[in-house]
Amino acid sequence: MDLGIKGKRALVCAGSKGLGRGCAEALAAAGVDLVLNARGVEALEATAAVIRQAHAVQVVTIAADITTEAGRAAVLAVAGDVDILVTNAGGPPPGMWSDWDRDDFIRALDANMLTPIALMKALLPGMIAKGWGRVVNITSQSVKAPVAQLGLSNSARAGLTGYVAGTSRQVAPHGVVINNLLPGIHDTDRAVSLDTGVTQAEGITMEEARRRRMASIPARRYGSIEEFGATCAFLCSQQAGFIVGQNILLDGGATNVTM
Ligand code: NAP
């Protein structure tokens, strides 16, 4: 399917690996030029080189911590006016409800709620002026149903979801659509770190931790970054212009809800 976005320009945050990289690759495959961000220069440059080679699009890189004000300023200065924004950052650490203090919450809110909000505030006016724009926020299945050990994520992402629910309806009249993608478990470094936590907590091997997790998912497997990226690219397409303010689960059926 032609997504109708060839020649558009996208900022993909936290995109050198994992889900962000999947989104960057799928957008590039649709002919979108990229501004690609992550903190580590090596993986960022390697990913950018692979994407340029595979898809013959422009990829500008900016190594910065997107969760800091200075990092965002550097990224936004390089990005300038973009048509598409994919927000993403690392997820908060796991733990139990009694583990976290105020500073832990502030860090989680900064990374997973206030950073995407700041990016939208900076870039939505340009999209509105052009009468076209797409925003995809990578959040989590924890928005639909809490993940017990990810209380910081449950909290911060719920806040972002509320903001998007209201904001998406205010910018939709201008041809700008905002949606959230809610990953369940995907085969990335984040999954390795979550599963490592399970091996330590339960005294089991990595293989057993993965086997148990897969058994709990109707699709009986982890998601791939290619599947995730393809869904993101579709949400950025011309065809997705009537999908407004939605929270789309990509979890292999793991979240046991009717709607
Ligand atoms: P990942 O494989 O660990 O990749 C994270 C990417 O983000 C890397 O490119 C990393 O590069 C970059 N990054 C991390 N922190 C950053 C920061 N502060 N500023 C700029 N770039 C940053 O993680 P993932 O699995 O793709 O997860 C992406 C998001 O989805 C996370 O918020 C995670 O909690 C959420 N999620 C993931 C899953 C899953 O199963 N994978 C499920 C639910 C939710 P550098 O380290 O070089 O910066």
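When a ligand or atom number is given, it counts from 1 through the structure's own listing order.
Electrostatic pairing of Glu207 and Arg213 does not count as a salt bridge here, judged by no charged N lying under 4.0 Å from a carboxylate O. Electrostatic pairing of Glu69 and Arg72 does not count as a salt bridge here, judged by no charged N lying under 4.0 Å from a carboxylate O. Under a 4.0 Å N-O distance rule, the pair Arg107/Asp110 does not qualify as a salt bridge.
Residue Leu11 holds its CG atom at 11.0 Å from CG of Leu27, rounded to the nearest 0.5 Å.
With Trp100 as the aromatic partner, Arg102 does not meet the cation-pi criteria of under 6.0 angstrom to the ring centre and within 45 degrees of the ring axis.
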Within the protein, flag every N or O under 3.5 Å from an N or O of ligand 1, and note the pair and distance.
{"from": "ligand 1", "atom 1": "2 (O)", "to": "Asp189", "atom 2": "N", "distance (Å)": "3.4"}
{"from": "ligand 1", "atom 1": "7 (O)", "to": "Ala14", "atom 2": "O", "distance (Å)": "3.4"}
{"from": "ligand 1", "atom 1": "9 (O)", "to": "Ser16", "atom 2": "N", "distance (Å)": "3.2"}
{"from": "ligand 1", "atom 1": "9 (O)", "to": "Ser16", "atom 2": "OG", "distance (Å)": "2.7"}
{"from": "ligand 1", "atom 1": "9 (O)", "to": "Lys17", "atom 2": "N", "distance (Å)": "2.9"}
{"from": "ligand 1", "atom 1": "11 (O)", "to": "Ser16", "atom 2": "OG", "distance (Å)": "3.4"}
{"from": "ligand 1", "atom 1": "15 (N)", "to": "Arg39", "atom 2": "NH2", "distance (Å)": "3.3"}
{"from": "ligand 1", "atom 1": "15 (N)", "to": "Gly90", "atom 2": "N", "distance (Å)": "3.3"}
{"from": "ligand 1", "atom 1": "18 (N)", "to": "Asp65", "atom 2": "OD1", "distance (Å)": "2.8"}
{"from": "ligand 1", "atom 1": "19 (N)", "to": "Ile66", "atom 2": "N", "distance (Å)": "3.0"}
{"from": "ligand 1", "atom 1": "25 (O)", "to": "Thr188", "atom 2": "OG1", "distance (Å)": "2.4"}
{"from": "ligand 1", "atom 1": "26 (O)", "to": "Leu19", "atom 2": "N", "distance (Å)": "2.7"}
{"from": "ligand 1", "atom 1": "32 (O)", "to": "Ala89", "atom 2": "O", "distance (Å)": "2.6"}
{"from": "ligand 1", "atom 1": "32 (O)", "to": "Gly91", "atom 2": "N", "distance (Å)": "3.3"}
{"from": "ligand 1", "atom 1": "32 (O)", "to": "Arg157", "atom 2": "NH2", "distance (Å)": "2.9"}
{"from": "ligand 1", "atom 1": "34 (O)", "to": "Arg157", "atom 2": "NH2", "distance (Å)": "2.9"}
{"from": "ligand 1", "atom 1": "34 (O)", "to": "Arg190", "atom 2": "NE", "distance (Å)": "3.2"}
{"from": "ligand 1", "atom 1": "40 (O)", "to": "Gly184", "atom 2": "O", "distance (Å)": "3.4"}
{"from": "ligand 1", "atom 1": "40 (O)", "to": "His186", "atom 2": "N", "distance (Å)": "2.8"}
{"from": "ligand 1", "atom 1": "41 (N)", "to": "Thr188", "atom 2": "OG1", "distance (Å)": "3.0"}
{"from": "ligand 1", "atom 1": "46 (O)", "to": "Arg39", "atom 2": "NH2", "distance (Å)": "2.9"}
{"from": "ligand 1", "atom 1": "47 (O)", "to": "Gly40", "atom 2": "N", "distance (Å)": "2.8"}
{"from": "ligand 1", "atom 1": "48 (O)", "to": "Arg39", "atom 2": "N", "distance (Å)": "2.8"}
{"from": "ligand 1", "atom 1": "48 (O)", "to": "Arg39", "atom 2": "NE", "distance (Å)": "2.8"}

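Residue pairs meeting the salt bridge (charged side-chain N to carboxylate O under 4.0 Å, His left out) criterion with at least one member in residues 197-206, sequence neighbours excluded: Glu202-Arg212.
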